[in-house]
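For reference, the structure discussed in these notes is given below.
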Amino acid sequence: MAKWLVKSEPDECGIDDFAADPQSVIPWDGVRNYQARNFLRQMAEGDEVFLYHSSCRHIGVAGIVTVVGAPYPDTAQFDPHSPYFDPKSSPEDPRWTAVDMRYVGTLPSLVSLATLKSAPELADLPLVNKGSRLSVMPVREPEWQAILRLAE
DNA sequence: GCCAACGTTGGC
DNA sequence: GCCAACGTTGGC
């Protein structure tokens with residue numbers, strides 16, 4: 001069972017939106033970057049995912065969600081009224097992928113970006129590298145454990 | 001609001 | 001295939 005980290009702006013969809021209805025399944029769509037998309041496609045039912053809050057007041061890893069079902073074509077890419085519309089994509093050959101996520105838990109405390117950067121175990125995590133804009137990335141087991149420990 | 005770093009586009 | 005221009009991301 002693989003582990004991941006995804007970025008989101010809590011104004012759009014943060015851990016509180018998941019926690020508001022723990023049973024609900026929220027589509028993770030709108031990813032329009034090939035590297036991030038390729039990671040989305042590798043996700044599978046039951047995978048666990050850190051939710052990272054970006055571009056906000058309290059930046060950092062806030063909680064955990066889980067992958068529900070299998071990745072599927074992001075429907076927004078076909079919708080001309082969606083901000084995520086991609087005229088170059090077609091239902092016959094979908095370019096972008098979405099997955100469904102469900103709430104698992106909120107961390108006891110937010111692990112701030114500064115804390116993440118100061119942890120030697122996390123040096124290889126794309127998130128902490130300067131200028132990294134990757135919004136979906138794999139997290140290795142030792143990295144996962146390190147972040148959990150920092151949240152205690 | 002600023003701006004550095006990045007990915008993508010498009011002309012050549 | 002190169003690379004300049006552009007739009008976006010995201011921390012500060």
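Reminder, nothing fancy here: chain letters follow the sequence lines and each chain counts from 1.
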Whole-Å distance separating the [atom1] atom of [X] from the [atom2] atom of [N]:
X      : N      : atom1 : atom2 : value
A/L5   : C/dG10 : CG    : C1'   : 14 Å
A/M137 : C/dG10 : CE    : C1'   : 12 Å
A/K7   : B/dA5  : NZ    : C1'   : 11 Å
A/R32  : C/dG10 : CZ    : P     : 15 Å
A/Q35  : C/dT8  : CD    : P     : 20 Å
A/D86  : C/dT8  : CG    : C1'   : 16 Å
A/L134 : B/dG7  : CG    : P     : 9 Å
A/N33  : B/dT8  : CG    : C1'   : 10 Å

Please state whether the phosphate of C/dG11, meaning OP1 or OP2, lies under 4.0 angstrom from any side-chain nitrogen or oxygen of A/Y52.
->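 For A/Y52, the contact criterion (side-chain N or O under 4.0 Å from OP1 or OP2 of C/dG11) is met.
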Are OP1 or OP2 of B/dA4 and a side-chain N or O of A/K130 less than 4.0 angstrom apart?
->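 No, because none of the side-chain N or O atoms of A/K130 sits under 4.0 Å from OP1 or OP2 of B/dA4.
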Sequence neighbours excluded, which residues qualify as ring pair (Phe, Tyr, Trp, His ring centres under 6.0 Å) partners of A/Y34?
->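 Residues passing ring pair (Phe, Tyr, Trp, His ring centres under 6.0 Å) with A/Y34: A/W96.
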Can you name the residues that form a ring pair (Phe, Tyr, Trp, His ring centres under 6.0 Å) with A/F50, not counting sequence neighbours?
->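 A/W144.
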Contact residues, residues 111-129 of chain A to DNA chain C [heavy atom, < 4.0 Å] =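 DNA chain C contact set from residues 111-129 of chain A: A/L113, A/K117.
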In residues 55-63 of chain A, which ones come under 4.0 Å of DNA chain C, going by heavy atoms?
->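 The answer is A/S55, A/I59.
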Answer yes if the side chains of A/D79 and A/Y84 hold a donor-acceptor pair under 3.5 Å, and no otherwise.
->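 The criterion, which ignores hydrogens and geometry beyond distance, is not satisfied for A/Y84 and A/D79.
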Looking at [X] and [Y], does any basic side-chain N land under 4.0 Å from a carboxylate oxygen?
X      : Y      : value
A/D124 : A/R140 : yes
A/R95  : A/D74  : no
A/K3   : A/E143 : no

Which residue pairs pass the side-chain hydrogen bond (donor to acceptor under 3.5 Å, both in side chains) test with at least one member in residues 45-58 of chain A, sequence neighbours excluded?
->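 Residue pairs passing side-chain hydrogen bond (donor to acceptor under 3.5 Å, both in side chains), neighbours aside: A/W4-A/D47.
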Which residue pairs satisfy the side-chain hydrogen bond (donor to acceptor under 3.5 Å, both in side chains) criterion with at least one member in residues 9-19 of chain A, sequence neighbours excluded?
->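 Checked against side-chain hydrogen bond (donor to acceptor under 3.5 Å, both in side chains) - neighbours excluded - no pair reaches residues 9-19 of chain A.
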Any chance you could lay out the side-chain hydrogen bond (donor to acceptor under 3.5 Å, both in side chains) test for A/S118 and A/T115, step after step, and finish with the verdict?
-> CA-CA 5 Å; A/S118 70; A/T115 301; 5.3 Å; no
